[in-house]
Amino acid sequence: MKILLASPMGFCAGVDRAIKIVDKVIETYDDRPIYVRHEIVHNKYVVDSFIKKGVKFVDDIDEIPNGSVLIFSAHGVSREIKSKAEEKQLKLLIDATCPLVTKIHLEVMSIAKKGFDCVLIGHRAHVEVDGTLGHFDQSYGGNIYLVGSEQEAKTVDIKNTDHLFYVTQTTLSVDETKNIIYQLKERFPKIQGPKKDDICYATQNRQDALKALSKISSVVLVVGSSHSSNTTRLLEISQKHKPTYLISSCDELNPKWFEGKESIGITAGASTPSILVDNVISKLQNILNDTRIEVTPIDSSIEENIEFLLPQLLR
């Protein structure tokens with residue numbers, strides 16, 4: 001039995017930065033209550049590890065007492081939530097929003113100030129989408145529309161079709177987004193998009209690496225949380241080619257999945273720590289009871305060397 005590992009997989013630069021921010025704040029402000037608005041990243045293992053260190057995760061700013069330290073999650077927040085947090089008497093406010101998400105916030109704000117309309121391609125109720133929608137200021141006369149599927153792209157009713165832009169959620173499937181953009185361009189020939197693709201480099205890299213992995217694997221495991229958007233996209237992509245299972249930990253492995261299989265491909269979402277993948281490999285080696293197991297990284301020739309700096313206050 002061969003175990004084949006996608007490369008790259010796991011933490012991206014934005015997730016790594018957000019986790020380092022919380023670690024640094026815990027180290028520096030250990031005398032203060034530390035709160036994070038929403039989960040810092042969408043992974044239960046990561047969140048639980050911080051809860052054990054005393055960090056409190058909340059969705060409502062009103063739950064945070066004065067004198068506390070507050071961190072915004074990697075997914076970003078709306079202008080309204082920022083204003084609400086700034087009105088509180090906090091000891092410290094740190095924004096751990098991924099710089100790639102911040103880029104989209106700035107794009108949306110610029111579009112709004114021109115009085116133009118904007119289409120946000122993304123999934124309803126996702127925290128990143130909520131934050132991006134909340135950066136569009138309709139007081140300049142424009143409107144923002146959320147489109148989450150090809151069907152919605154075919155039916156969305158847009159007023160200002162002569163001055164129309166689109167942006168996308170960072171963690172979408174590249175193929176899915178491409179089809180939605182095609183439908184929008186068919187209906188609105190004058191629509192314009194960002195100069196550089198909004199989809200996160202890490203999201204795209206992990207999807208490309210998975211496509212290469214699934215071609216040579218009998219069955220695929222995606223390690224990560226079911227409420228992680230980029231992890232869910234990996235599951236959807238792989239399911240089109242091979243039997244694929246999403247697991248949050250090694251405890252969810254089922255030996256029946258691997259009966260009659262020759263190779264197991266493993267990938268992980270951008271918010272999944274490497275220890276979870278290591279645990280899955282160890283558990284597989286135990287339950288398969290096969291001394292011929294080979295653990296082989298699959299080189300997809302995709303290099304990642306991006307690193308995001310911590311906020312100046314924490315350096």
Side-chain angles (χ1 to χ4, degrees), residues 8-19 21 37-43 46 72-79 81-82 95-111 118-136 144-149 152-153 165-181 184 192-210 222 224-237 267-272 302 304-309:
M9 66 173 165
F11 278 0
C12 63
V15 166
D16 188 55
R17 173 180 180 267
I19 290 173
I21 285 173
R37 197 272 173 177
H38 194 67
E39 295 181 342
I40 187 65
V41 297
H42 283 156
N43 186 273
V46 173
F72 291 144
S73 78
H75 313 94
V77 299
S78 66
R79 291 180 302 122
I81 289 176
K82 282 185 178 180
D95 190 351
T97 301
C98 172
L100 298 180
V101 175
T102 299
K103 166 184 171 288
I104 299 176
H105 290 175
L106 295 175
E107 288 173 348
V108 165
M109 292 169 64
S110 176
I111 293 167
C118 178
V119 173
L120 169 58
I121 301 172
H123 294 144
R124 280 175 174 74
H126 189 279
V127 63
E128 179 191 326
V129 168
D130 291 342
T132 301
L133 289 171
H135 275 79
F136 190 92
I144 188 165
Y145 306 84
L146 179 59
V147 170
S149 67
E152 290 181 4
F165 285 75
Y166 72 83
V167 296
T168 70
Q169 180 183 337
T170 61
T171 53
L172 297 180
S173 158
V174 177
D175 293 335
E176 175 189 19
T177 307
K178 179 175 61 178
N179 293 336
I180 293 174
I181 293 171
L184 290 172
Q192 300 179 55
K195 293 180 180 179
K196 187 176 181 181
D197 194 350
D198 285 333
I199 291 178
C200 165
Y201 77 94
T203 295
Q204 184 157 348
N205 287 350
R206 278 147 191 73
Q207 291 176 10
D208 291 343
L210 175 58
V222 179
S225 296
S226 59
H227 62 299
S228 163
S229 180
N230 75 83
T231 302
T232 304
R233 300 293 82 72
L234 291 174
L235 173 66
E236 293 170 350
I237 288 169
T267 189
S271 53
T272 304
I302 299 172
E304 286 189 357
N305 51 17
I306 294 177
E307 182 178 356
F308 295 135
L309 295 175

Shortest non-hydrogen contact between [X] and [Y], atoms and distance:
X	Y	value
G224	T231	CA-CG2, 3.8 Å
Q207	L172	NE2-O, 3.0 Å
G76	T97	CA-OG1, 3.2 Å
G14	C98	CA-SG, 4.0 Å

Within-4.5 Å side-chain heavy-atom neighbours: [X] and [Y]:
X	Y	result
I180	T168	no
F72	K82	yes
H42	V127	yes
F11	V46	yes
I111	V167	yes
T170	T203	no

### S229 and Q169 side chains, donor-acceptor separation under 3.5 Å
yes
Taking side chain to side chain donor-acceptor pair (under 3.5 Å) as the definition, give me every residue that meets it alongside [X], ordered by chain and number, with sequence neighbours left out.
X	answer
T267	none
T272	none
D175	K211

### Residue pair V108, L120: steps toward the side-chain contact (heavy atoms from CB on, under 4.5 Å) verdict
CA-CA 9 Å; V108 165; L120 169 58; 5.9 Å; no
### Query
Which residues pass the salt bridge (Lys or Arg N to Asp or Glu O under 4.0 Å) test with D198, sequence neighbours left out?
K103
### Query
Sequence neighbours excluded, which residues qualify as salt bridge (Lys or Arg N to Asp or Glu O under 4.0 Å) partners of R233?
E236
Donor-acceptor under 3.5 Å ([X] side chain, [Y] main chain):
X	Y	result
E107	G193	no
S110	L106	no
S225	S228	no

#### Entry: Parallel, tilted or perpendicular, as decided by the 30° and 60° cut-offs, for the rings of H135 and H105
parallel
Atom [atom1] of [X] and atom [atom2] of [Y]: how far apart are they, to the nearest 0.5 Å?
X	Y	atom1	atom2	value
M109	R79	CE	CZ	6.5 Å
T132	I104	OG1	CD1	5.5 Å
I199	S173	CD1	OG	7.0 Å
L133	L146	CG	CG	5.5 Å
N230	C12	CG	SG	7.0 Å
S271	I40	OG	CD1	11.5 Å

### Task
Give the intermediate values and the outcome of side-chain contact (heavy atoms from CB on, under 4.5 Å) for residues D197 and T177.
CA-CA 10 Å; D197 194 350; T177 307; 5.8 Å; no
### Query
Got a salt bridge between R206 and E304, using NZ or NE/NH1/NH2 to carboxylate O under 4.0 Å?
yes
### Query
If you look only at pairs with a residue in residues 9-18, which of them pass as a salt bridge (Lys or Arg N to Asp or Glu O under 4.0 Å), with sequence neighbours excluded?
D16-K20
